[in-house]
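Structure record follows, encoded as structure tokens.
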Amino acid sequence: MGIYGQDWASYQSDEPNLAGLDFAFTKITEGLGYTNPKWVRQRDHAKRHGLVWGAYHYPHMGNDPESEADFFLDQVAWQPGDILVLDWEGYDDANTGVSTARQRAYKEDWLRYVKARRPGHRVGMYCNADYWKNIDTTGYCGDFLWIATAGRNAGNPGIKASWMFHQYDDNPVDQDYCPLPSREQLRAWALGSPEDAMPLSQADLDAVATAVWRHTETNAATGRPVDMGAVMAWMDKVHNNQTDAVARQLAATQAAVTALAAQLGQQHGIDTDTVVAAVRQAIADAVISVDVHVTGTPAPTS
């Protein structure tokens, strides 16, 4: 299950082959001065055939990220459902001299600034596994992550984080995969509320659970920190103990009723007060040991 797409730059033709594709990304800008001369025709070609379309910017991270973002955004008359991407990598001459701290700061600023300018659009980040694992430190990728790997099957990028697109090959052109089952669902996602979240991975769920378990609060009376994990463990123990106590009481009640029924089946009649006392005693005793005896004199007969 899943759908396939490609990403294009000026190296590709104006009208690439669309066979088997449901989405396409086009490089629009780089740095503060380069614009892909083919991007308009590539975009129109993809949209004319119904593909979901997105665009990306390649940064020169020594520049101001907001200035580069403006340069990128101002090239396009953006339409609902268009997807915006930062191509976050720096192996070229424009970026190899930029410190990793600066590269990280650029990424954070660019994504947040573009989202603020285009809040109705999905704004995400492309990077390869090396950048994701070794350069990134925050895990922030805007609305989605587009992860690139080499030598891994489509849909298996080998990372724990949630992702929306996987670039799994670059021969003869960059090949991409999306785990959504249809073009229509990808389009619905692209058009959706910016608050919609990607499905949480198990790593996401584990991180939330760990954060909650390790959270501390300050006791208002003593001023000392309270370990919320220990509090939840204590509450769980209390709940289990209460549940066990209720179960024992129910078992005691059932035992008393069963014993009484057996006695009634053997006698024509018994004293009411004796029955009540026996049942009450049986309920109390059966918490430890169920052993009910019903005795008494037969009730008067008419």
Side-chain angles (χ1 to χ4, degrees), residues 2-18 20-30 34-36 38-59 68-89 107 110-128 141-148 154-155 157 162-170 173-194 196-198:
I3 55 177
Y4 293 84
Q6 293 179 352
D7 53 282
W8 308 323
S10 60
Y11 306 109
Q12 282 71 52
S13 70
D14 292 356
E15 298 187 350
N17 186 347
L18 303 181
L21 304 184
D22 288 298
F23 62 92
F25 290 97
T26 302
K27 178 179 180 178
I28 294 185
T29 52
E30 178 175 335
Y34 172 80
T35 303
N36 171 12
K38 299 180 181 179
W39 83 263
V40 173
R41 293 186 294 275
Q42 290 172 338
R43 176 201 60 186
D44 293 347
H45 176 58
K47 287 193 171 187
R48 187 165 56 248
H49 289 83
L51 273 65
V52 177
W53 179 78
Y56 67 90
H57 169 74
Y58 187 90
E68 289 206 353
D70 287 336
F71 177 59
F72 167 68
L73 292 172
D74 292 347
Q75 305 300 317
V76 185
W78 299 99
Q79 300 298 313
D82 291 345
I83 303 170
L84 287 64
V85 183
L86 171 66
D87 181 356
W88 190 52
E89 53 185 324
K107 180 259 290 188
W110 193 98
L111 290 170
R112 289 186 167 87
Y113 180 76
V114 171
K115 187 65 178 182
R117 278 202 56 186
R118 306 301 308 183
H121 290 264
R122 301 289 184 178
V123 178
M125 181 181 79
Y126 166 100
C127 72
N128 62 28
C141 56
D143 294 327
F144 65 91
L145 175 63
W146 176 8
I147 188 72
S162 299
W163 52 271
M164 182 55 74
F165 302 98
H166 174 208
Q167 186 190 87
Y168 62 92
D169 199 359
D170 59 3
V173 63
D174 290 342
Q175 308 284 342
D176 301 292
Y177 172 85
C178 172
L180 296 178
S182 70
R183 180 186 303 185
E184 291 70 26
Q185 287 193 264
L186 176 58
R187 194 182 312 281
W189 173 82
L191 288 166
S193 165
D196 292 346
M198 290 184 296

Run the side-chain contact (heavy atoms from CB on, under 4.5 Å) test on Arg117 and Asp70 for me, step by step, so that the C-alpha distance in whole Å, both residues' side-chain angles and the decisive distance to 0.1 Å come before the verdict.
CA-CA 9 Å; Arg117 278 202 56 186; Asp70 287 336; 2.7 Å; yes
At their closest point, which heavy atom of [X] faces which heavy atom of [Y], and how far apart are they?
X      : Y      : result
Gln12  : Lys38  : O-NZ, 2.8 Å
Leu186 : Leu180 : CA-CD1, 3.6 Å
Gly81  : Ala190 : O-CB, 3.5 Å
Asp87  : Pro59  : O-CD, 2.9 Å
Leu86  : Leu111 : CB-CD2, 4.2 Å
Lys27  : Asn36  : O-ND2, 2.9 Å

Mind checking whether Trp110 and Phe72 have parallel, tilted or perpendicular rings, split at 30° and 60°?
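Ring orientation, 0 to 90° scale: tilted.
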How many angstroms lie between atom [atom1] of [X] and atom [atom2] of [Y], to the nearest 0.5 angstrom?
X      : Y      : atom1 : atom2 : result
Glu30  : Phe71  : CD    : CZ    : 9.5 Å
Gln42  : Trp53  : CD    : CH2   : 10.0 Å
Thr35  : Ile28  : OG1   : CD1   : 8.5 Å
Leu51  : Phe23  : CG    : CZ    : 9.0 Å
Met164 : Leu145 : CE    : CG    : 10.5 Å
Leu73  : Trp78  : CG    : CH2   : 6.5 Å

Determine the sole option in Asp143, Asp82, Leu191, Val114 for which the side-chain contact (heavy atoms from CB on, under 4.5 Å) test with His121 is passed.
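Among the candidates, only Asp82 passes.
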Result of checking Phe165, Phe25, Tyr58 against Val85 for side-chain contact (heavy atoms from CB on, under 4.5 Å)
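Of Phe165, Phe25, Tyr58, side-chain contact (heavy atoms from CB on, under 4.5 Å) with Val85 is met by Phe25 alone.
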Under the criterion side chain to side chain donor-acceptor pair (under 3.5 Å), I'd like the reasoning laid out for Asp176 against Trp146: C-alpha separation, chi angles, the key distance, then a yes or no.
CA-CA 9 Å; Asp176 301 292; Trp146 176 8; 3.1 Å; yes
Between [Y] and [X], is there a side-chain heavy-atom distance shorter than 4.5 Å?
X      : Y      : answer
Arg43  : Gln79  : no
Pro181 : Ile3   : no
Ile83  : Trp189 : yes

Steps toward side-chain contact (heavy atoms from CB on, under 4.5 Å) verdict (Gln175, Gln6):
CA-CA 5 Å; Gln175 308 284 342; Gln6 293 179 352; 3.7 Å; yes
Looking at Gly155, is its backbone amide N or carbonyl O close enough to the side chain of His166 to form a donor-acceptor pair, meaning the two atoms are under 3.5 Å apart?
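Flag set: sc His166 to bb Gly155 pair under 3.5 Å.
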Is it true that a side-chain atom of His45 and a backbone atom of Asp14 form a donor plus acceptor pair closer than 3.5 Å?
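No, the answer is negative, given that no donor and acceptor are paired below the 3.5 Å cut-off.
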Test applied, side-chain hydrogen bond (donor to acceptor under 3.5 Å, both in side chains); reference residue, Asp22; option that passes from Arg187, Arg183, Gln185
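By the side-chain hydrogen bond (donor to acceptor under 3.5 Å, both in side chains) criterion, Asp22 pairs with just one of Arg187, Arg183, Gln185: Arg183.
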